Q: 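Sharing a structure, written as structure tokens. Questions coming.
Here the structure is a predicted model, which means the values were calculated and not measured. Read the numbers this way: they start at 1 and go in the same order the structure lists the ligands and their atoms. Numbers for residues simply follow the sequence, beginning at 1.
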Amino acid sequence: MPQSGVVINHYLDREVIIMGIKYLEKQRVFKLDAGQTSYVIGVVDDEGFLGHVYFGKRIPDQYLPVESFLRLNEWPQVPSRNNRERLSFNDAFPTEYSTFGQGDFREACLAVKDAHGHSVCGIKYQSHRIYAGKPRLKGLPATFGSEEETTTLEITCKDEILNLEVVLVYTVFEKLNAITRSVRIRNQSQAPIRLTKALSACVDLNGNDYDIISLHGSWARERHVQRMPVGLGKRVLSSVRGESSHQCNPFMALAARETTEDSGEVYGFCFVYSGNFVGIAEGCQFSTTRVVMGINPEGFEWLLMPEEEFIAPEVIMVYSDQGIGKMTRTFHDLMRGHLIRGQYKDRKRPILINNWEATYFDFNTQKLLDIAREASKLGIEMLVMDDGWFGRRNSDNCSLGDWVVNEDKIQGGLNYLVNEVNKLGMQFGIWFEPEMISPDSDLYRAHPDWCLRVPDRTPCLSRDQYVLDLTRPEVVETVYAMLSNILKSANITYVKWDMNRPLTDVGSAYLPPDRQGEVSHRYMLAVYEMMERLTSDFPHILLENCSGGGGRFDAGMLYYSPQIWCSDDTDAIERLEIQRGTAMVYPLSTMGAHVSDCPNHAVHRTTPFETRGYVALAGTFGYELDVTRIPEEDRALIPSQVALYHRFNDLIRQGDYYRIGSYAENHVYDCWAVVSKDQTEALVTYIQVLHRPSFKNQRVRLKGLNPEYYYKDAETGEVFSGSVLMYGGMTMTGIQGDFKGKLIHLVRVEPEEL
Ligand code: GLA
């Protein structure tokens, strides 16, 4: 067992001093320090109850009031001193990982059905291990970090009666206010144990006065921010759609009532998973608020045979004592540095033009080449061929699963098209929807049992399509082979992986009756396996995820694709709220954002072409229009937008993001800034949604600048002090009319230049 204080780990013949996590033996306390955050866990009583002591701003190791924080000084005390009130102890104890059935009546993380049909379980501390680095989660997406950047604690607990081992895994990021959690559950008994609930994280926060911040929406209206009091009782965020969903994102934050964008405490929880999830905040009777997050137990069961292990996916926990903005920036740093992988992790992405809104299904080689020819002249770097190039697909009612090029449309074949595009100096990308099958497809006619379905029930159609049963290995093999054949057949450097309907009729003809509760999670594991295979077989390919727009915009997907199509709503004004909500958690570099034609196809609004560009620049940036048919004056603006992208994308991708004003709140304008890490440069975007007479000279207080520095407006040459811009504000002049906007590029100037 490690000594108190600093732990020395002999690893690869090197002595690693593990600073981030300590076991303070005298107090039987684990102290996890991540950046300026501490998280403390205590082992209590002879039985080894594991309790949550503290989560918040960093505190010293000395004089931790463990007893009182764990409420052990209160009645009924611990079972060894007052066993007649064991239930009351369980009912009030701030536990580290809650289990069902023994008196902790708050939300449980773990519930089982044992060989005798019983659900009761209870875990106690057994041992622990602290080591440098962060383990991978087998088959699952997760954050990563080197031995210098991360330290991991594994606490092994056990239900002695069931012989069920539960390992709670925590990793701290030394330089970020972030801690990750996951759980490994192993059946050490001789009999099968059925897990009916296996969540990933539980935190009993002190107090009842939190607000819960969450991201909700619908198709084309994703991730609008909602904030409301938790109060007493449960606030539940969830998806049972088999995808993380348009309706509710797997993220929640608990903020103190007084917390604002820039001040106050907030705890953010983000699930690194793309399927069914639940996040619950429960205001409890003794002035605590329990937060849990994990795979949604609805419809979930997992049969654990002797010696088998189940891994509950990762939850990222972020603490901020400087408001929601700081939480956001921590998530961004963590995801950019420790979740996103591949060659585009830290690189500018090619500016693409996608033909979906340009042509829908009505295209052929000639049309695509016309678009590419014009686009290449304007500086666009990649053509993406969207839905409709395969099988007999001329509308959305057929051919999913038949991943064979339709040479009636792609005359001359795919390789010819790609070569012609390459000759223009452009790259080529392609759209797939690998998880789906149309009833009107050769694949379905050959294998009607390859879709998710329940015997004797007709599965529910959506967009005229069914979902493939990816729990079947031969389905994965067949679809992957078709995909990889296409990708090998031409010089393709980008894939848009779409997923256009939720899961229903979740049954598999492949799995036995006692494993039907595993289908949704096994489906997700198969998707991850396919994506892992795709990204390792074709490491040069830029993968962009998509699900009817942003229906699967989550941290799980970001492990495989550095960008995700944010929404099918490309209207610049609707995008303000969608992108603001998305960027609450996910970096700007991940948000697929394109300039499209007007009137906008989703909301029929017309906005200035410049404004559409400013909004798309806050994401990956690209085009979604027929560049041969848009008005000449719009086309003429493209080269300057392309230049803005090249000038500012490094800053936008890598900088610190500040929300300054939201139209949803002030009903006039949106404003945000991206500031370089060294604060020498900032790009401010201001979009005036409504021109109101009295708001002609709107003054906006900027954020994130260095108050000691001086900044020059690169366009006007005007010089400002950072403190004046932040405390007094910048006056937004010269913006006439609705939906107008501007970019302000501020660059630090040395005092001697003044
Ligand atoms: C989804 C995507 C769109 C487009 C269509 C094609 O809706 O979000 O961008 O690819 O599918 O069918």
Q: Say whether Asp670 and Tyr614, considering side chains only, have a donor N or O and an acceptor N or O under 3.5 Å apart.
A: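 Short answer, no.
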Q: Should the pair Lys348-Glu381 be classified as a salt bridge under the 4.0 Å nitrogen-to-oxygen rule?
A: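 Not counted as a salt bridge, because no side-chain N and carboxylate O are separated by less than 4.0 Å.
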Q: Do Thr620 and Arg349 meet the criterion of a side-chain donor-acceptor pair at a distance under 3.5 Å?
A: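 Their side chains do not contain a donor-acceptor pair, so the 3.5 Å distance test is not met.
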Q: With hydrogens left out, which residues have an atom under 4.0 Å from ligand 1, given that only heavy atoms count?
A: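 Ligand 1 is contacted, at a heavy-atom distance under 4.0 Å, by Trp356, Asp386, Asp387, Trp431, Arg463, Lys496, Asp498, Asn500, Cys546, Gly548, Gly549, Trp565, Asp568.
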Q: Is there any salt bridge (charged side-chain N to carboxylate O under 4.0 Å, His left out) pair reaching into residues 583-607, and which pairs are they, with sequence neighbours excluded?
A: Asp571-Arg605
Q: If every non-hydrogen atom of Gln465 is compared with every non-hydrogen atom of Arg501, which pair is closest and at what distance?
A: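 Here Gln465 and Arg501 meet closest at O-NH1, 2.7 Å.
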Q: Donor-acceptor check, side chain of Asn276 to backbone of Arg241, threshold 3.5 angstrom: yes or no?
A: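 Between the backbone of Arg241 and the side chain of Asn276 there is a qualifying donor-acceptor contact (under 3.5 Å).
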